[in-house]
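Computed from a predicted model, the values in this text were never measured in an experiment. Whatever order the structure lists them in is the order used to number ligands and atoms, beginning at 1.
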Amino acid sequence: MKIKNICCIGAGYVGGPTMAVIAQQCPDINVVVVDINEARIAAWNDADLNNLPIFEPGLDAIVKEARNRNLFFSTDVEKAITNAEMIFISVNTPTKTYGKGKGMAADLKYIELCARQIAKVAKQDKIIVEKSTLPVRTASAIKSILDNSGNKASFQILSNPEFLAEGTAVQDLLHPDRVLIGGDTSPEGEKAIQALVDVYAQWVPKNRILTTNVWSSELSKLTANAFLAQRVSSINAMSEICEKTGADVNEVAKAIGMDTRIGPKFLKASVGFGGSCFQKDILNLVYIAKSYGLDEVANYWEQVVLMNNHQKQRFSDHIVKTLYNTVSGKKITLLGWAFKKDTNDTRESAAIQVADNLLSEQAHVVVYDPKVASERIYADLEYLNTRLPEQNRQLLTVEKDPYKACKNAHAIAVLTEWDEFTTYNWQAIFDAMEKPAFVFDGRGILNQQEMEDIGFIYYKIGSQRPNFMQSN
Ligand SMILES: NC(=O)c1ccc[n+]([C@@H]2O[C@H](COP(=O)([O-])OP(=O)(O)OC[C@H]3O[C@@H](n4cnc5c(N)ncnc54)[C@H](O)[C@@H]3O)[C@@H](O)[C@H]2O)c1
Ligand SMILES: O=c1ccn([C@@H]2O[C@H](COP(=O)(O)OP(=O)(O)O[C@H]3O[C@H](CO)[C@@H](O)[C@H](O)[C@H]3O)[C@@H](O)[C@H]2O)c(=O)[nH]1
């Protein structure tokens, strides 16, 4: 079966870039990305490519090539469902904020709404592809809704989790380590799997396309994120030991990473991992384990999140402690708000928690991020509900110019590893700051020797602190 029309429900960080790449690589497939968020669809259709709703290096060129050729963005969900043989579901699956499983389980209401809408509209057979990250066995719930739609169409459900990382989404999509497709082992299931394999095979080498049963595929996605996040928490745990012992976490990471069994990637100590996925997916895994009575398994994975919370907390505690135990009324500049470089996404960014902690200490926080809009920053803080929105706006200012942001600051904290931070004239920044001038490098991107030669009191996560800062 050759696919000619694809619909993707959800034009977010996954749906948008993934479909743009499919459309670019498969010019004979018509791809329609739909969303209920009208503003988002309008932004995807904006003639000025600088206004795309998502910033990803290289994405604008791909959208430019494929848009209005075989890539379309629309709010007409029903029409797109009707016309497509294959429907990707790429809607958000956030952590539940209410009811049973609150704070742990994935909220599947958006998935269920999609399934019900497909059930209502589809009159012909369809292949449904789970692109969203879902708890293992979600496919059976989707199938049950679709099979009870009352019309004669039949449905095959595939799991095709997405492994792209933000900031490198386009490269990850063009050259994936693997594409994972899970499906039913029946002849119809195998036909559906083959149809999706054929789409990817237009640009992905066949030996990188892996097919499994649905449950393995769903669980592999949660497992991959749990393992990745665990590596970050593991190196962050070591960063604290390094600071106490005089070891340097970068040297430790290099030494262990040369062991081919461990490998060098994902061993960068930081102020804590962020992003919309790691915490949500681990908590979801913890919830699944608990629901099967596997308490030891649940506790094991939960520790990855607890360690991450600790890393964010200890970073802001360290700032307060170093600034003579009070930051009240002091200007503290945060460089970076995004959860990593090369993205405008701020979901679960460590910066949010660090800023909130400093605001609770009555610091005057100033934020500079090259890609994040000020309203996003205030919205992130408001979501925490720690204080009134107007108090956040009173205590925290957002600057568009990094030098202005740092002027008269008592301390600077580097919270995102944006490349441009390493290119600044740090001497000029030092000259304009209050003295002593402190830099807390939560990403370890600045040159310690150069910073100290200028006169900064410089702290790098996972390196021994100068003697006077030692806590014991
Ligand atoms: N962000 C990532 O890097 C990433 C990577 C891999 C997997 N994932 C997973 O992919 C899924 C989507 O993540 P995202 O970051 O793209 O989310 P997102 O919030 O950026 O986008 C989801 C979109 O779905 C739309 N939507 C929700 N319900 C809808 C409905 N019924 N009809 C039409 N549109 C609807 C929303 O308006 C939103 O624009 C999640 O399950 C996530 O865990 C995300
Ligand atoms: O050595 C490292 C690597 C990452 N991080 C931090 O970890 C977070 C997540 O980074 P990354 O994994 O690169 O970005 P995401 O876009 O969150 O991608 C993850 O989450 C996606 C959503 O599920 C998956 O598709 C990807 O495979 C998975 O890497 C960020 O805050 C990073 O700064 C570190 O602190 N140290």
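Under 4.0 angstrom from ligand 1, the non-hydrogen atoms of Ile9 all belong to its side chain. The proximity of Cys277 to ligand 1, defined as any non-hydrogen pair under 4.0 Å, is limited to the side chain. Of the heavy atoms in Ile235, none comes closer than 4.0 Å to ligand 2. At a heavy-atom distance under 4.0 Å, only side-chain atoms of Arg347, from C-beta outward, approach ligand 1. Contacts with ligand 1 closer than 4.0 Å are made by no heavy atom of Asp345, backbone or side chain. Contact annotation: for Lys221 versus ligand 1, heavy atoms closer than 4.0 Å belong to the side chain alone. At a 4.0 Å heavy-atom cut-off, ligand 1 does not touch Pro161 at all.
Within the listing of ligand 2, atoms 22 (C), 23 (O), 24 (C), 25 (O) sit less than 4.0 angstrom from a heavy atom of Lys221. Atom numbering of ligand 2 starts at 1 in the shown order; those under 4.0 Å from a heavy atom of Ser270 are 34 (C), 35 (O). Taking a cut-off of under 4.0 Å to the non-hydrogen atoms of Glu162, the atoms of ligand 1 that pass are 6 (C), 7 (C). Counting atoms of ligand 1 from 1 in the listed order, those under 4.0 Å from a heavy atom of Ser276 are 1 (N). Below 4.0 Å from some heavy atom of Gly274 lie the following atoms of ligand 2, by number and element: 8 (C), 9 (C), 30 (C), 31 (O). Under a 4.0 Å criterion applied to the non-hydrogen atoms of Leu267, ligand 2 contributes the atoms 1 (O). Numbered from 1 in the order shown, with element, the atoms of ligand 1 that lie under 4.0 Å from a heavy atom of Asn37 read 37 (O).
Some N or O of Glu166 is nearer than 3.5 Å to an N or O of ligand 1, by distance alone. Annotation: Ala165 places no N or O atom under 3.5 Å from an N or O atom of ligand 2; distance criterion only. On a distance-only criterion, Gln117 and ligand 1 share no N/O pair closer than 3.5 Å. The distance criterion of under 3.5 Å between nitrogen or oxygen atoms is met by Lys340 with respect to ligand 2. Where the criterion is an N or O separation shorter than 3.5 Å, residue side chain and backbone included, Thr93 meets it with respect to ligand 1. In terms of N/O distances under 3.5 Å, ligand 1 is approached by Lys280. Considering backbone and side-chain atoms alike, Leu228 places every N or O at 3.5 Å or more from each N or O of ligand 2.
Neither side chain, Asn92 nor Tyr13, offers a donor N or O lying under 3.5 Å from an acceptor on the other. Looking at Glu243 and His318, their side chains never bring a donor and an acceptor atom within 3.5 Å of each other. Side chains of Trp426 and Asn447: no donor on one and acceptor on the other come within 3.5 Å. Between the side chains of Gln25 and Gln202, no donor-acceptor pair is found at a separation under 3.5 Å. For the residue pair Ser233/Asn308, the side-chain donor-acceptor check at 3.5 Å is not satisfied. With no hydrogens or angles considered, a side-chain donor-acceptor pair links Lys280 and Thr93 at under 3.5 Å. Remark: the Gln313 side chain and the Asn309 side chain contain no N/O donor-acceptor pair separated by less than 3.5 Å. No side-chain N or O of Tyr378 forms a donor-acceptor pair with one of Glu382 less than 3.5 Å apart. A donor atom on one side chain and an acceptor atom on the other are not found under 3.5 Å apart for Asn236 and Ser239.
Ranking the protein heavy atoms by distance from atom 33 (O) of ligand 2 puts Arg443 NH1, 2.7 Å first. For atom 18 (P) of ligand 1, the closest non-hydrogen atom of the protein is Arg40 NH1, 3.6 Å. Looking only at protein heavy atoms, the nearest one to atom 31 (N) of ligand 1 is Cys114 SG, 3.8 Å. Summary of contacts: the protein heavy atom closest to atom 21 (C) of ligand 2 is Leu164 O, 3.5 Å. Ranking the protein heavy atoms by distance from atom 14 (P) of ligand 1 puts Tyr13 N, 3.9 Å first. In this structure, atom 27 (C) of ligand 1 lies nearest to the protein heavy atom Asn92 OD1, 3.3 Å. Closest to atom 2 (C) of ligand 2, if we only count protein heavy atoms, is Lys268 O, 3.6 Å. The closest protein non-hydrogen atom to atom 4 (C) of ligand 1 is Val14 CG2, 3.2 Å. Of the protein's heavy atoms, Val91 O, 3.3 Å lies nearest to atom 11 (C) of ligand 1. Looking only at protein heavy atoms, the nearest one to atom 23 (C) of ligand 1 is Asp35 OD2, 3.5 Å. Protein heavy atom in closest approach to atom 19 (C) of ligand 2: Phe278 CE2, 3.4 Å. If you check which protein heavy atom lies closest to atom 5 (N) of ligand 2, you get Val232 CG2, 3.9 Å. In terms of protein heavy atoms, atom 16 (O) of ligand 2 is closest to Glu166 N, 2.8 Å. Of all protein heavy atoms, the one closest to atom 34 (N) of ligand 1 is Ile36 N, 3.4 Å.
When the options Thr343, Asn225, Thr168 are ranked by their closest heavy atom to atom 28 (C) of ligand 2, first place goes to Asn225. Considering each of Phe266, Phe339, Phe273, Phe163, the one bringing a non-hydrogen atom nearest atom 3 (C) of ligand 2 is Phe266. The option from Cys277, Pro161, Ala338 that lies nearest to atom 20 (O) of ligand 2, judged by heavy atoms, is Cys277.
Below 30°, between 30° and 60°, or above 60°: for Trp203 and Tyr200 the angle between ring planes is between 30° and 60°, a tilted geometry. Using cut-offs of 30° and 60° on the angle between ring planes, the pair Phe315 and Tyr459 is tilted.
In plain terms, the two heavy atoms of Asn357 and Lys312 that are nearest each other are ND2-O, 4.5 Å. The two residues Arg137 and Trp215 come nearest to each other via the heavy atoms CA-CZ3, 3.2 Å.
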- Under the salt bridge (Lys or Arg N to Asp or Glu O under 4.0 Å) criterion, do Glu166 and Lys341 qualify, and how do the steps go? CA-CA 9 Å; Glu166 289 179 27; Lys341 73 172 180 179; over 6 Å; no
- Query: Under the salt bridge (Lys or Arg N to Asp or Glu O under 4.0 Å) criterion, do Lys64 and Asp60 qualify, and how do the steps go?
  - Reply: CA-CA 6 Å; Lys64 187 175 178 205; Asp60 48 356; over 6 Å; no
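By the 4.5 Å heavy-atom criterion applied to side chains, Val179 and Ile181 are counted as neighbours. Taking 4.5 Å as the limit, every side-chain heavy atom of Phe88 sits out of range of all side-chain heavy atoms of Cys7. Residues Ile142 and Ser144 fail the side-chain proximity criterion, which asks for heavy atoms closer than 4.5 Å.
Contact annotation: Lys341 has no heavy atom less than 4.0 Å from any atom of ligand 2.
Between Phe227 and Trp301, a ring centre-to-centre spacing shorter than 6.0 Å is recorded.
Atom-to-atom distance recorded for Leu228:CG and Phe266:CZ is 5.0 Å, nearest 0.5 angstrom.
A cation-pi arrangement, defined by a distance under 6.0 Å to the six-membered ring centre and an angle within 45 degrees of its axis, is present between Lys371 and Phe55.
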